[in-house]
**Q** 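Once you've had a glance at the structure underneath, I'll fire off some questions.
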Protein chains: 2
Amino acid sequence: MNLDARISVLERSSFFNDANRDTLVHAAETASECPVAKDEQLFRQGEEASHSYLLAWGRVRLDQTTSDGRNVVIRYLGPGDLIGTVAVLRRKPYPATPVAVEDGMTLFWGAEKKAQLIAEHPVLATNAIELTGSRLEELQERLREVATQRVERRIAATLLRQVRHAGRRVEDGVEIPFTLTRGEIAELTATTLHTVSRTLAAWEQEGILSGKRASHLVITKPHRLVEIAEQE
Amino acid sequence: MNLDARISVLERSSFFNDANRDTLVHAAETASECPVAKDEQLFRQGEEASHSYLLAWGRVRLDQTTSDGRNVVIRYLGPGDLIGTVAVLRRKPYPATPVAVEDGMTLFWGAEKKAQLIAEHPVLATNAIELTGSRLEELQERLREVATQRVERRIAATLLRQVRHAGRRVEDGVEIPFTLTRGEIAELTATTLHTVSRTLAAWEQEGILSGKRASHLVITKPHRLVEIAEQE
DNA sequence: GGCTGAGTTTGCGCTAGCGCAAATTCGCGG
DNA sequence: CCGCGAATTTGCGCTAGCGCAAACTCAGCC
């Protein structure tokens, strides 16, 4: 990636919202590139936070593992999303393990460079607060769902969230443009893969959605899914 | 509160960590004071975020209500904690309703003044990221607990969290220095008040803790509670 | 001091959904 | 093309804990 390509990637990220040319150039010049292969981990939960990443393209799943070995999917990240930035700024260990769900490319900065970038460009600090706040809001929403809703609603809400983040219109409806297994949906919604499988099988029968394994989920009746998510 | 008293309040808040005298004075001079009475709401979830608060003393519970009228307790706030700041900075509606659990006092700033404070004192932006990140981390932890743990463990973890945030050594053990009802514990741990009641009754019988209603919970065997929180 | 309402406790029936087990499917790599 | 492993599906027994109902407790207010 040359400088212009990098700048093009950066200006599409909300972390660089309202950033001027100087900021973009500074960030582009100080960044390094790192391709990431499917299933590769950028870093591991618990490690010292040494680098902060921005996903140029590809998709990444953010996993947290519990002390008894269970996994919770925190979120899916797409192009323009930051990875590891808050941990770097806080000088805390990484709280999660980002796993690439497809081949991709990242730009990354060492902790010092990132802190300097933010110190010299206050708009980036403001944007970091915005982004962290946005993550906070989403987690609050998820906690509310898990605390108060049955599984079906939660699955519907989770799929709609992926649609909102990354959904793509296709001929039959809306596609979630990355691989999402029943197991992963289970780890996003605090349930088991068996329950997800049963639920999705029923919805597939009903024509609400289709897709499994490497074929991406396609929501054919999004309004139906919204109804399910909002039922009492 | 005179200026020195305000400064004393501010410098004890982690939002003002590493802030110099100028910053503290600026913040103290531009703040207004608002006492808050037990059960009073500072603002309501969904309202436009117009003011940002810092709790000088007292305790506040942060509630989120779902569309079907159920309540989730997001966290308890104590002296030095910010209330509504992220929403103000993000120019989003308030995501929660802060309810005073005892009489207290707040300092507050209008949105413009707060944004200006942060723009003129970059250390505050850094601290805001730190604080938001810390909230994020806690919510991730709670989500992991709800997703993967049985109720008992969750209750234990929740009580230990209050102890860590606000616990006070007393003669018999560690006191949680604010009123925490079984219903509120239920809303913190995604369970029902009946289950909390049963669990706490058993633990009280076992000598692990004591206290109900207006009498604060006292954890008499904290190590036992840690064991429960960490069991598999 | 008495009353009241909110908080706590307890019994118990019920079920959502967990988790075991096994069968089926399918995508990928050699 | 075949084998294999991971993903998906399906049957089913079981139980953690929900939620209804009712009784008890106690703090605060008049």
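Just so we're on the same page: letters track the sequence lines, and every chain starts at 1.
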**Q** Between the side chains of A/R169 and A/E175, is the shortest nitrogen-to-carboxylate-oxygen separation below 4.0 Å, so that they form an ion pair?
**A** no

**Q** Tell me the interatomic distance from A/E184, atom CD, to D/dA7, atom P, rounded to whole angstroms.
**A**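 Value for this atom pair: 8 Å.
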
**Q** Look at A/S197 and D/dT9 and indicate whether a side-chain polar atom (N or O) is within less than 4.0 Å of OP1 or OP2.
**A**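 For D/dT9, OP1/OP2 do have a side-chain N/O of A/S197 under 4.0 Å.
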
**Q** Taking only Lys NZ, Arg NE, NH1 and NH2, and the carboxylate oxygens of Asp or Glu, determine whether B/D68 and A/R144 approach each other closer than 4.0 Å.
**A**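 Judged by the 4.0 Å cut-off on N to carboxylate O distance, B/D68 and A/R144 do not form a salt bridge.
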
**Q** Just checking A/L200: base, sugar-phosphate only, or nothing, at a heavy-atom cut-off of under 4.0 Å?
**A**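 Nothing, no heavy atom under 4.0 Å.
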
**Q** For chain B and DNA chain C, what are the first and last nucleotides along the strand, 5' to 3', with at least one atom under 4.0 angstrom from a heavy atom of the protein chain?
**A**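 Result: C/dA6 to C/dG19.
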
**Q** Ignoring hydrogens and geometry, is there a side-chain-to-backbone donor-acceptor pair from B/Y94 to B/V88 under 3.5 Å?
**A** no

**Q** Enumerate, atom names and distances included, each donor-acceptor pair closer than 3.5 Å involving a side-chain atom of residues 33-42 of chain A, sequence neighbours excluded.
**A**
from, atom 1, to, atom 2, distance (Å)
A/E33, OE2, A/M1, N, 3.3
A/E33, OE2, A/R6, NE, 3.1
A/E33, OE2, A/R6, NH2, 3.2
A/E40, OE1, A/A37, N, 2.8
A/Q41, OE1, A/R44, NE, 3.1
A/Q41, OE1, A/R44, NH2, 3.3

**Q** Of A/R154, A/Q140, A/R150, A/R161, which meets side chain to side chain donor-acceptor pair (under 3.5 Å) against A/E145?
**A**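 So, applying the side chain to side chain donor-acceptor pair (under 3.5 Å) to A/E145 and each of A/R154, A/Q140, A/R150, A/R161, only A/R161 qualifies.
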
**Q** Any chance you could list the contact pattern along nucleotides 21-30 of chain D? Use B for base contacts, S for sugar-phosphate-only contacts and - for none, protein heavy atoms under 4.0 Å, 5' to 3'.
**A** B---BS----

**Q** Answer yes when B/E137 and A/R90 have at least one side-chain N-carboxylate O distance shorter than 4.0 Å, and no when they do not.
**A** yes

**Q** With a 4.0 Å cut-off on heavy atoms, is B/T181 in touch with a base, just the backbone sugar-phosphate, or nothing at all?
**A**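 Result for B/T181 = sugar-phosphate.
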
**Q** Is A/K92 salt-bridged to A/E48, cutoff N-O under 4.0 Å?
**A**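 No salt bridge links A/K92 with A/E48.
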
**Q** Take the angle between the ring planes of B/Y53 and B/F43 and call it parallel below 30°, perpendicular above 60°, tilted in between.
**A** tilted

